[in-house]
Structure formats: structure tokens, C-alpha cells
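The next block holds one structure in the form of C-alpha cells; read it before the comments.
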Amino acid sequence: MAERSTAAVDVADNSGEQSLTAQADQSTADGVANNRERDTDKDEAQESTGADGSGKTSPPELHSGHKLARRYRLEECVTRLDGFSSWRAVDEKLRRAVGVHILPADHSRARSVLAAARSSALLGDPRFVQVLDAVEENDVVYVVHEWLPDATELTTLLAAGPLEVYDAYQMVSQTAAAMAAAHREGLAHLRLNPNAVLRTSTGQWRIRGLAVNAALRGISSDTPQRTDTESIGALLYAALTQRWPYESDAYGLSGLPKDIGLIPPDQVRAGVHRGLSELAMRALANDGATASRHESPCTTPEELVKAIGEMPRIRPPEPAFATPPDYQRTTYQQGTYGRPAPRPGVTQPTQVPPPPLQSRTGKALKWAVSALLIAALGLGSWQLADALLDQGGTSDDTNQTQTTDGDDKNAKKPASGKPVAISGVQDFDPLGSDGSENPEDVAKVYDGDPGTYWQTSYYESADFGRLKQGVGVILDLGKSQQVGKVTVSFVGNTSVELRAAPGDAGVQPTTPDAYTKVAEGSGSTVTLEPKKAVTSRYLLVWLTELPVQADDGKWRGRVADIKVTS
């Protein structure tokens, strides 16, 4: 079934990988055979000999149709390995597909699996496949998690060839940012491989098995951040080259030739993006022995996210439009109906249309148009002369009435606070998983219609669910000019900062720290007025705290209108 490769269930690989993740626990079997019968035989042999030295018990006897908690109906066993099994199941209460890991309650890893699952569930980061339930019941422990039928494993994507540059950039950006967030909460993956990374139909990248996959196999590491960072580097290397960056073959990919060491991706395959090639080498620290032309290794996901942020942003490719077919005349068009079809191989004479307006009617039309033009020119000349004569007759009076006293209260004063035109806007979410935040609606912030708005994604709290410091929109004023104040209208009370790029910035900055905060405020209509004169082309309206929206009860920001004055 196609779902088996896309579901959020840990399908054990048949690769025998030798990366740091796999080497973290040499005593635990980390591969399966090519069919389920051999999988089962292999597991039973390991259990009888005590592969991890703990005397594991046999997995519970389960079958398709079995129900857990009178709710989760097992459909298909997709993995049976090392004392546990993984299933595709159906949640009959919510009528949705789910994935289930099952192992005996007296299994040596049952406690650690429950703890890992509950910790992963508390993270609640949508970039990870979510753990839905973790239960010990009737002598079994089971973990229920999302099943994503619309997602595709990276393993499947790489079977068709290397990823495009933009896809590889999005994969490493989103994966590194997600793992950095997980490590800030004390969670590691330790089995981050092409089977654990999924791309959804919307282009988002999701990670499955956070903490749980390693706990099921008893994998641990003294340097979890280093392990996960190297795994991300291996994923990027494989995405760029369709090769596994070690000597052994893994995940359907060929390994590197033996005895040549780790070579950069742009030396393995022609046309590889130079910046991504160096990024992969920095993540694959190789015990710190990188080539001299590379910068310092990245040993944590945070360092990797910082390195990605320092790269020039890779833009998505321009959409390719198919060339429309040549216009074909049908036999029902004027002058062709009823004519016999031309014989093959016979060249048909081409009829040249007569020059325009050469008929008697055309000549009359030309003379009529010429007469109208001459009449219009004569009338215009007469009106211009009459206006000049009137102006000359009243010039003396005009000179007398235009002089006014300098202290006259009715005299007009020079205008201040002139509107500054916004030439363009762009959504700004450099700390998000995909670097964008509803870009299709961002033009609504300056369309002059208060009934329309641009909104952020929804979050679980006012502080963006602790996932990021803020999101916003960048205003392009077309050129560097003086900014007096910026008025922002929100839907709901929102905290916001006004940040300005340096006045001499010729290129739009791509990180929040590249903009200087010049004003801040909160409310539904906020006037952001810098205390000092500001001259800039790029302004960042940076939302820092979101309101709860009444229509859906979610924390999200909504910007209805932005006006800039000098």
C-alpha cells in the first residue's frame, strides 16, 4: 500500500546504517530483513539470546482486528522488531487513521518508552508527528501517534533522484529549526534518518519518532545534540547527491567509495549548490576534521540554524508555464466551410489580404476622419487664443490680489506628515519552519480596505506557543526616505514593534536583528512614532504578542491596515 511509506509509523529500515546514530548502541539490532517472516524469525532469535542482555519477553500475540482500549482497531502490522511491533490502526472514536507502537509491559524498555512518548507529547510542536496517547493497560504498553497519509518519506523522494535546490534548502531549514526547538526542551531524536523525515502535500516537512524511536530500540548518546546535528547533515548530503555519506549503503542509497573519506557533495555530483554543500560538511563534522576551506563545524542544531540564517536565502523556482498550442482554424470559419480538404503533399496558395482602407468606403472614411481632426485643431486654437486674451486683460488685478501679509492667519502653512507610498510588502517569518506566513494575503495590509486583513498562523498561546519571538511584515518604501510615524490597525489588541533597516541598506535584510527597533506599542490601533528621525527604505512591523480571536478562539495576529507618513 502507498500509505505504508507515508504514514507516521516507524518502518524499520533494511539498510544497516553506520552513522553516529546507529553506532550509539551497538548491542541493539537496528535493521530488519526484506520480509516480515524473516523479521519475525530474527526477532525471536534475538529474544531467545537476550540481545540487549535484559532477557526481553516475547511481544504480545496480536492480530488484525484486535482493539486496544475498545477504541484503536489494529489493521496492519508494519514492523515487528526487537520485542515490539508497530501497526497501522483506526481510531474508531474519532474515525481517523493512527499509528500504534506496542510492547509488553514487562519489557525492559517499557518505562523509557512511556516516558519518551509523554515528553514528546508535551512538546506539542506541529513540526513533529504528534504523540496522541501513551498507555499501560492489560500487560501491554502502547503509544498512539498521528498517521499522515498525505506525506511522503524522504527515502521515497530520494529514490527518484536528488532533491531540487529549493526543496533541499527547505528540508534542512525546517528540520534544523524543529530539532533546535526540541533540544531546548531537553528532547533528542537519535534516529533522524530518511525514514523519519516526511514531506506533506503542502510542502511542509515533518519529523516522526522524536525520542520514541530511540527509546524503542534502547539507543542513547552522550552527545545527543552532536548526534542529531550530524544526522541532519547526512540528510542534506543525501538530498544533494542521492548518496549516503558513509562507506556502507543505507536507505536505498549507495555509500561513498571506500578509503577516500568524506568528500564534499559538490565533488560527488556536478551542479550541487555550493552553499548547501558547505553546510552539509559543517554539520557532518567528521570528528572536527573538515576541509580547510570550510568554516567551523556545526555541533548543535542551534549552530546549524544560525549557519542557515547567514546564508543568502534561496528563492523558490519560477513557475513554468506551458506554451499554448498554435491557433488552429476550423473548417467552420468564414471562407473555409464546404471547401475540399487539401491533398497531402500539395502546397496550397496563401491568400494575401488587401491593404486596409483601399476600398471606396475606406477612402470616404479616411476623408471624414481628416475633416474632424482639422475642425478639432481649429476649435482648440480659438479657445487657447481667447484664454490668453482674458489673462492679459486681468493681469494688473491679479498682481495686486496675490500679495498677502506675512502675518495673515488665512495663509496656508506648509503641509507636514505627508503620506509615504508603500511600494511593496512581504511576510517575514525567519524563525518559522518554512520561512513564510500566509504570503498570499500580505498585500491586504495596505489595500486601503479596513475590512480585509493579513493574518498569522494560529498558535497555542500569545507568545507564539514559545516557538519563536515574533512574526511580521516588511514594508518597502521604494527608496530610502524619512519616516515620521507608522499607524497600524489590528483585529484585537496586539503588541508590536517598529524596526527599521539601515538607511544605506541596498538589499532587504533577512534577519530580525538586522533591523533596529525605533518604536513599540500595543492596542488595536497603534501609532508607532520614532523618538529620533529615521531614514530607511525597509521597515519591519514586528508582532511580539498575539490576541485571541473571537471567531476561532486561537491566538493569531491580524493586520488590517498600515499607513506611513513622513
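Remember, it's a predicted structure, so these values are computed and weren't measured experimentally. Position 1 is the first residue of the sequence; numbering continues from there.
Counting heavy-atom neighbours within 6.0 Å of D222 CG, excluding the residue itself, gives a total of 12 or less. More than 12 heavy-atom neighbours from other residues, nucleotides or ligands sit within 6.0 angstrom of CD on E247.
In this structure, R537 pairs ionically with D476, as a charged nitrogen and a carboxylate oxygen lie closer than 4.0 Å. Under a 4.0 Å N-O distance rule, the pair E302/K306 does not qualify as a salt bridge. In summary, K468 and D463 do not engage in a salt bridge, as defined by a charged side-chain N under 4.0 Å from a carboxylate O.
Side-chain contact check for D228 and H183: at least one donor-acceptor pair (N or O, by modelled atom type) lies under 3.5 Å. Side chains of Q426 and Q508: a donor-acceptor N/O pair is present below 3.5 angstrom, by distance only. A donor-acceptor contact under 3.5 angstrom links the side chains of D447 and T452, judged on distance only. A donor and an acceptor atom, one from each side chain of T299 and E303, are located under 3.5 Å apart. Checking T155 against N195 by side-chain atom types alone, a donor-acceptor pair falls below 3.5 Å. Side-chain polar atoms of S489 and D561 form no donor-acceptor pair below 3.5 angstrom.
In this structure, CG in L154 is found 9.0 Å from CG in L198, a value given to the nearest 0.5 Å. Atom NE2 in H145 sits 15.0 Å away from atom CZ in F128 (nearest 0.5 Å). Here the straight-line distance linking atom CG of L81 with atom OG of S86 works out to 8.5 Å at 0.5 Å rounding. Here the straight-line distance linking atom CD of Q549 with atom NZ of K554 works out to 12.5 Å at 0.5 Å rounding. In this structure, OG in S277 is found 3.5 Å from CG in D266, a value given to the nearest 0.5 Å. Atoms CG and OH, on L546 and Y458 in that order, are 14.0 Å from each other to the nearest 0.5 Å.
Side-chain N or O atoms of R206 include one that pairs as donor or acceptor with a backbone N or O of P126 at under 3.5 Å. With hydrogens and angles ignored, the 3.5 Å screen pairs a side-chain donor or acceptor of S566 with a backbone N or O of K418. A donor-acceptor pair under 3.5 Å is formed between the side chain of Q174 and the backbone N or O of W205. Side chain of R269 to backbone of L240: a donor-acceptor contact under 3.5 angstrom is found. Side-chain atoms of S480 come within 3.5 Å of backbone N or O of G503 as a donor-acceptor pair. When atom types are taken as modelled, the side chain of T223 and the backbone of R226 share no donor-acceptor pair closer than 3.5 angstrom. A donor-acceptor contact shorter than 3.5 Å is absent between the side chain of E545 and the backbone of S495. Within the 3.5 Å criterion, the main-chain N or O of Y237 finds a donor-acceptor partner in the side chain of T241. Put simply, the side chain of T156 never gets that close to the backbone of T152: no donor and acceptor are under 3.5 Å apart. T229 contributes a side-chain N or O that, together with a main-chain N or O of Q225, makes up a donor-acceptor pair within less than 3.5 Å.
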Worked check of side chain to side chain contact (heavy atoms under 4.5 Å, CB included) between Y169 and D167: CA-CA 5 Å; Y169 173 74; D167 292 334; over 6 Å; no
Side chain to side chain contact (heavy atoms under 4.5 Å, CB included) for I232 and L192? Distances and angles first, verdict last. CA-CA 7 Å; I232 297 173; L192 198 56; 3.5 Å; yes
Output, in order, the C-alpha distance, side-chain angles, deciding distance and verdict of side chain to side chain contact (heavy atoms under 4.5 Å, CB included) for V488 and T525. CA-CA 6 Å; V488 188; T525 300; over 6 Å; no
Given K444 and D441, is the salt bridge (charged side-chain N to carboxylate O under 4.0 Å, His left out) satisfied, shown in steps? CA-CA 6 Å; K444 295 178 180 179; D441 294 330; 3.5 Å; yes
Show, in sequence, the C-alpha distance, side-chain angles and deciding distance for F428 and W542, and conclude whether the side chain to side chain contact (heavy atoms under 4.5 Å, CB included) test is met. CA-CA 9 Å; F428 190 65; W542 186 243; 3.6 Å; yes
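Across all their heavy atoms, A121 and V131 have their closest contact at CB-O, 3.8 Å. The minimum heavy-atom distance linking P439 with D427 is given by the pair CB-OD1, 3.2 Å. The two residues A533 and Q482 make their nearest non-hydrogen contact at CB-NE2, 4.3 Å. Across all their heavy atoms, A307 and C298 have their closest contact at CB-SG, 3.9 Å. Across every non-hydrogen atom of W454 and G472, the tightest pair is CH2-O, 3.8 Å. Residues I474 and Y515 share a closest heavy-atom pair of CD1-OH, 3.2 Å.
With a 4.5 Å cut-off on side-chain heavy atoms, V483 and V420 do not count as touching. With a 4.5 Å cut-off on side-chain heavy atoms, Y538 and L477 do not count as touching. In this structure, L236 and L284 have side chains that are not in contact, with every pair of non-hydrogen atoms separated by 4.5 Å or more. Using a 4.5 Å heavy-atom cutoff, the side chains of P430 and T511 are not in contact. The shortest side-chain heavy-atom distance between V559 and V473 does not fall under the 4.5 Å cut-off. Taking the side chain as every heavy atom from C-beta outward, P257 and I260 approach each other to under 4.5 Å. Side-chain contact check for M311 versus H273: some heavy-atom pair is nearer than 4.5 Å. V172 places a side-chain heavy atom less than 4.5 Å from the side chain of L279.
Here the rule is side chain to side chain contact (heavy atoms under 4.5 Å, CB included) with V486, and of V534, V564, T565, T527 only V564 fits it.
For W244 and Y251, the distance between ring centers is under 6.0 angstrom.
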